[in-house]
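Below: the structure, in structure tokens.
Small disclaimer: the values here were computed from a predicted structure and weren't measured. Proteins come first, then strands; the chains are lettered A, B, ... in the order of their sequence lines, and each starts at number 1.
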Protein chains: 2
Amino acid sequence: MSKAEILIIDDEPQIRKLLEINLESNGYKVWQAATGKEGVIMAANHPPELILLDIGLPDKSGHEILKELRAWYNKSIIILSVQSSETDIISALDNGATDYLTKPFRTGELLARIRSCIRRNNSDEDKSSCFTSGDLNIDFVARTVKKNNTIIKLTSTEFNLLSLFVRNEGRVLTHQFILKEIWGVGYQTESQYLRVFVAQLRKKIEENPNQPQLIITESGVGYRFT
Amino acid sequence: MSKAEILIIDDEPQIRKLLEINLESNGYKVWQAATGKEGVIMAANHPPELILLDIGLPDKSGHEILKELRAWYNKSIIILSVQSSETDIISALDNGATDYLTKPFRTGELLARIRSCIRRNNSDEDKSSCFTSGDLNIDFVARTVKKNNTIIKLTSTEFNLLSLFVRNEGRVLTHQFILKEIWGVGYQTESQYLRVFVAQLRKKIEENPNQPQLIITESGVGYRFT
DNA sequence: ATTGTTTGTAAATATAATATAAATAAATAA
DNA sequence: TTATTTATTTATATTATATTTACAAACAAT
């Protein structure tokens, strides 16, 4: 199997160097861009398996670059950001970022996230009318959910919410984003709805609702389905 | 047996090419249309065994084309779409889509779905004479229904409704879809008809009409026959 | 520890959807 | 035509689901 290619878009040379060393020593082929503009061109000419994008680029263009990339690039984009900018992170996730890491980051964690994203790229090309993972099976057309081959009865809203999670497996979905998708614009502040329905879903699909394995809480940000 | 013919309606040349290569190498005869208009004309001139329809067409929306096709075309239509919302899927099902695939899809998955649809097309014609499940037996030609080998008298509408359920065993049929199929376009809002007839059917075919085992209610969506 | 903030959960209430009987209208057959 | 069946409409009971409330638990910051 050939090396997976990763594109780094970051203006700080030290960070690029640090990433380069770590990634190359773990068998990845690394491309680098110091500006957003350069990064978009490189990605277009030679689409990488994954993009690491610094959201705090000097010309404040990180968000713009993300949107530009997401117009056509459908593999994973991991956002790098400083700790302070939580609103930046949320806005990036709303615009289609796959995951995020706050600087300074442990390289172990970075590598784990990258592995997980790349695995997903390869294994999960089929976002089709059926989804199976472990003992959970969802048929979007028949609108059925099965756990251990027995049908679980979900209400319409519960099913819609689960579908949204499953179709975005591995991605962090912000509260706002979920509320907008399921309840519509105007409900973005009703986080309590979400909590109630997440609890109900967990009760129905998790092995142990107290220690959820499928619907993971990303505190302060949203939820992630794995 | 001659090659099954498949019509692709998609504006993206790359997708058409990809599908063409995969389908032809699997023994299908492939026709292509780049616009919805063109697709409808091709389908009319030479009805294929199955249609692959991109729901995100530029000229008319795919939903319009789907409606136009379903006015007369009664074989399988598989919808292709980029990741889309629950309401899109529901709307496609309302308008008679057979199945649904989200891009990007694994070709293995696509081929499996196509085989299943074509099998269904053929077996529908073959064994359309009767259906048996548990102690219920339906003869579509004689238009008779038996429960425990004794004939049950159904009115024409009741029989049509039951046939529709049986032919779509296991999948949710939306209110809209059922109303359109049984009463025709223009009756899609008359949900009360449906409730009355479902109650009557249950009274006639269910062991215990208060706890239906055959015609299951999917609140807010429709009904499912199991 | 203390406080504030976020998240989880059960239960109460409100709202919406569905079921059913029964009345009327329409269609069909004798 | 009248009798009979079937479809549609109306009215109301019943059930399912969504929303709100209240409070507990987890967590972070001071």
Find the distance B:Ile182:CD1 to D:dT6:P and express it as a whole number of Å.
17 Å

How long is the line joining CG of A:Asn208 and P of C:dG8, in whole Å?
14 Å

Using heavy atoms to find the nearest nucleotide of DNA chain D for B:Thr155 and A:Lys153 separately, return the residue whose nucleotide is more 5′.
B:Thr155

Verify the contact: side-chain N or O of A:Ser156 to OP1 or OP2 of D:dT17, cut-off strictly under 4.0 Å; return yes or no.
no

To the nearest Å, give me how far apart CG (A:Leu194) and C1' (D:dT20) are.
16 Å

Check: A:Thr144/A:Asp139 side-chain N/O donor and acceptor closer than 3.5 Å:
no

So does A:Lys203 get a side-chain nitrogen or oxygen closer than 4.0 Å to the phosphate oxygens (OP1/OP2) of C:dG8?
no

Of the nucleotides C:dT7, C:dA21, C:dG8, which has the atom closest to the B:Val196 side chain?
C:dA21

Atom CD of A:Glu218 to atom C1' of D:dA26: distance rounded to whole Å?
16 Å

Kindly indicate whether the side chain of A:Gln192 and the base of C:dT7 share any N or O donor-acceptor pair separated by less than 3.5 Å?
no

Between C:dG8, D:dT17, C:dA19, which nucleotide has the shortest distance from any of its atoms to the side chain of B:Ser219?
D:dT17

Heavy-atom side-chain contact between A:Phe131 and A:Asn137 under 4.5 Å:
no

Dot-bracket pairing map - DNA chain C, Watson-Crick plus G-U, both contacts under 3.5 Å, | cross-strand
||||||||||||||||||||||||||||||

Assign B:Val198 to base, sugar-phosphate, or nothing according to its heavy-atom contacts below 4.0 angstrom with the strands shown.
nothing

For B:Leu154 and for A:Tyr187, find the nucleotide of DNA chain D with the closest heavy atom, then tell me which residue's nucleotide is more 5'.
B:Leu154

Is the distance from OP1 or OP2 of C:dA19 to the nearest side-chain N or O of B:Arg195 less than 4.0 Å?
no

Heavy-atom side-chain contact between B:Arg143 and B:Ser156 under 4.5 Å:
yes

Compare side-chain N and O positions of B:Trp183 against OP1 and OP2 of D:dT8 and report whether any pair is under 4.0 Å apart.
yes

Measure the acute angle between the ring planes of B:Phe225 and B:Phe165, then classify it against the limits of 30° and 60° as parallel, tilted or perpendicular.
parallel

What integer distance in Å separates A:Leu161:CG from D:dT17:C1'?
15 Å

So, OP1 or OP2 of C:dA19: does either fall under 4.0 Å of a side-chain N or O from B:Tyr193?
no

Is it the case that the side chains of A:Glu20 and A:Gln32 hold a donor-acceptor pair, with the cut-off being a distance below 3.5 Å and no angle test?
yes

With a 4.0 Å limit, can you tell me whether B:Arg202 has a side-chain N or O closer than that to the phosphate oxygens OP1/OP2 of C:dA19?
yes

Whole-Å gap separating P (C:dT20) and CD1 (B:Ile215)
11 Å

Checking contacts here: which listed nucleotide (C:dT7, D:dA18, D:dT19) is nearest the side-chain heavy atoms of A:His175?
C:dT7

To the closest 0.5 Å, what do you measure between CD1 (A:Ile51) and CZ (A:Arg70)?
8.0 Å

Flag for A:Ser81-A:Asp88: side-chain donor and acceptor within less than 3.5 Å:
no

In terms of side-chain heavy atoms of B:Thr157, which of C:dT9, D:dA7, C:dA19 is nearest?
D:dA7

Report which part of the nucleic acid B:Ser191 touches: base, sugar-phosphate, or nothing (heavy-atom distance under 4.0 Å, all strands).
nothing

Taking atom types as modelled and ignoring hydrogens, do the side chains of A:Arg202 and A:Asn208 form a donor-acceptor contact shorter than 3.5 angstrom?
no

Between B:Tyr223 and B:Gln200, which is nearer to the 5' end of DNA chain C once each is assigned its nearest nucleotide?
B:Tyr223

With a 4.5 Å heavy-atom cut-off, do A:Pro48 and A:Tyr28 have their side chains touching?
no

Expressed in angstrom and rounded to an integer, what is the separation of B:Leu179 atom CG from C:dA17 atom P?
15 Å

Just the rounded figure in Å: distance from P of D:dT6 to CZ of B:Phe197.
10 Å

